[in-house]
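Beneath this line is the structure, given in structure tokens, with notes to follow.
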Number of protein chains: 2
Amino acid sequence: MTLGQKIKELRESKGMLQRQLAAKLEIGDGFLSKVEHDQKALKREHLNSISKIFDYPLEELESLWIATRIYELVKDEQSALNALKVAEEQIKYGKTHAKV
Amino acid sequence: MTLGQKIKELRESKGMLQRQLAAKLEIGDGFLSKVEHDQKALKREHLNSISKIFDYPLEELESLWIATRIYELVKDEQSALNALKVAEEQIKYGKTHAKV
DNA sequence: CTAAATTTGACCTTTTTAAGTCAAGTCTGA
DNA sequence: TCAGACTTGACTTAAAAAGGTCAAATTTAG
């Protein structure tokens with residue numbers, strides 16, 4: 001599940017049109033279409049609005065939002081999964097040894 | 001282990017000075033110092049040189065290089081690890097359903 | 001101590017990315 | 001068929017990131 005898929009799913013579950021959701025987010029509907037196809041990224045602030053409009057947990061939206069960015073970064077890499085593992089270790093290590 | 005740490009390790013294992021390695025890479029030694037501390041990123045092409053200079057597998061350097069970028073992206077995120085999991089799924093799914 | 005090695009901060013230029021818009025084209029279903 | 005919904009490609013502009021340099025300050029080893 002990507003963020004775009006999730007947004008589309010939420011939108012359709014309420015029978016809302018792209019135009020309507022786009023208006024609430026104050027963006028064009030062409031842009032929203034691309035967002036739903038993960039061709040463009042929303043601003044992070046938009047996640048708050050989406051969370052409220054659909055009463056869906058913000059944390060989940062944020063995870064999807066970050067994940068999409070990670071995916072964009074590594075999608076053409078042969079060693080994407082391995083790099084993810086390495087990054088995971090770095091994060092875990094960083095967490096325990098954080099410098100203030 | 002980060003890329004910077006690995007480069008420093010390789011360099012010192014050969015008793016090489018920053019100045020010497022920097023010259024081989026055709027960068028300034030101030031810049032290399034920052035690279036070793038993961039404050040700046042090398043160009044990807046530099047990995048090839050490093051791999052040859054130290055006879056160290058390129059794939060490992062690349063994984064570390066990508067991982068550092070991922071780390072930069074998520075280091076301030078509370079849900080970094082969770083996002084990584086989500087990204088992993090997206091990659092696995094993407095791999096099997098690649099469009100050409 | 002002191003000289004060489006390293007680290008750091010400030011700064012710089014060029015390239016990319018972000019975050020859209022808009023209009024034309026395509027799809028869908030009544 | 002044909003209107004409304006959606007998708008897509010081309011384009012834009014401001015902001016940020018890439019990829020450094022250089023000199024001053026600091027660290028380290030002999």
Side-chain angles (χ1 to χ4, degrees), chain A residues 2-50 53 61-62 64-77 83 87 99-100, chain B residues 2-50 53 61-62 64-77 83 87 99-100:
Chain A
T2 68
L3 180 60
Q5 285 164 5
K6 175 54 72 184
I7 290 173
K8 180 169 191 184
E9 183 182 293
L10 289 170
R11 177 176 62 79
E12 292 180 339
S13 78
K14 298 283 185 190
M16 198 178 288
L17 298 178
Q18 281 186 347
R19 175 161 34 80
Q20 299 172 313
L21 178 55
K24 286 196 186 242
L25 299 177
E26 301 183 85
I27 57 177
D29 47 341
F31 187 62
L32 179 56
S33 175
K34 285 172 190 171
V35 167
E36 291 190 353
H37 290 269
D38 298 297
Q39 290 163 18
K40 293 283 180 174
L42 279 179
K43 279 203 248 184
R44 188 150 188 164
E45 301 86 81
H46 283 135
L47 299 183
N48 293 287
S49 312
I50 292 172
I53 293 169
L61 296 177
E62 287 181 332
L64 288 170
W65 186 84
I66 301 164
T68 298
R69 283 180 140 60
I70 296 174
Y71 181 78
E72 277 305 304
L73 194 62
V74 306
K75 64 167 188 277
D76 297 325
E77 301 290 348
K99 349 196 144 172
V100 181
Chain B
T2 68
L3 179 59
Q5 286 165 4
K6 174 56 72 182
I7 290 173
K8 180 168 189 182
E9 182 181 294
L10 289 170
R11 177 176 63 79
E12 292 182 338
S13 78
K14 298 282 184 191
M16 198 178 288
L17 298 179
Q18 281 185 349
R19 176 160 35 80
Q20 299 173 314
L21 178 54
K24 286 197 186 241
L25 298 177
E26 301 183 82
I27 57 178
D29 47 340
F31 187 62
L32 178 57
S33 174
K34 286 172 190 169
V35 166
E36 291 190 352
H37 290 269
D38 297 297
Q39 290 163 19
K40 293 283 181 172
L42 279 178
K43 280 204 248 185
R44 189 151 187 163
E45 301 86 81
H46 282 136
L47 299 184
N48 292 287
S49 313
I50 292 172
I53 292 168
L61 296 176
E62 287 181 332
L64 289 170
W65 185 85
I66 302 164
T68 298
R69 282 178 141 61
I70 296 173
Y71 181 77
E72 276 306 304
L73 194 62
V74 306
K75 64 169 189 277
D76 297 325
E77 300 291 347
K99 349 195 145 175
V100 181

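Naming convention: chains lettered A, B, ... in sequence-line order (proteins, then strands); numbering from 1 in each chain.
Using a 4.5 Å cut-off on side-chain heavy atoms (C-beta onward), I53(B) and M16(B) make contact. Considering only heavy atoms from C-beta on, R11(A) stays 4.5 Å or farther from Q20(A) through its side chain. Contact check for S33(B) versus H37(B): side-chain heavy atoms found under the 4.5 Å cut-off. Looking at L3(B) and L61(B), their side chains come closer than 4.5 Å, going by heavy atoms from C-beta outward. Within the 4.5 Å cutoff, the side chain of H46(A) has heavy atoms near those of the I27(A) side chain.
Counting to the nearest Å, the C1' atom of dA18(D) and the CD atom of E45(B) are 12 Å from each other. The nearest whole Å value for the distance from the CD atom in E72(B) to the P atom in dG19(D) is 13 Å. When rounded to the nearest whole Å, the span between NE2 of H37(A) and C1' of dA5(D) equals 12 Å. Taking atom CG of L3(B) as the reference point, atom P of dG19(D) lies 13 Å away to the nearest angstrom. A straight line from CG of L32(B) to P of dT21(D) spans 11 Å, rounded to a whole angstrom. Following rounding to the nearest Å, L73(B) (CG) and dA16(D) (P) show an atom-to-atom distance of 16 Å.
Only at 4.0 angstrom or more do the heavy atoms of residues 10-23 of chain B sit from any atom of DNA chain D, so none qualifies.
Note that the CD atom of E77(A) and the CD1 atom of I70(B) stand 9.0 Å from one another [nearest 0.5 Å].
Looking only at distances, a side-chain donor or acceptor of D38(B) sits under 3.5 Å from a matching main-chain atom of G4(B).
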Encode nucleotides 12-25 of chain C as B, S and - characters from 5' to 3', where the letter depends on protein heavy atoms closer than 4.0 Å: B to the base, S only to sugar-phosphate, - to neither. -------BBB----
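Applying the side-chain contact (heavy atoms from CB on, under 4.5 Å) test between I7(A) and each of L42(A), L64(A), L25(A) identifies L42(A) as the sole match.
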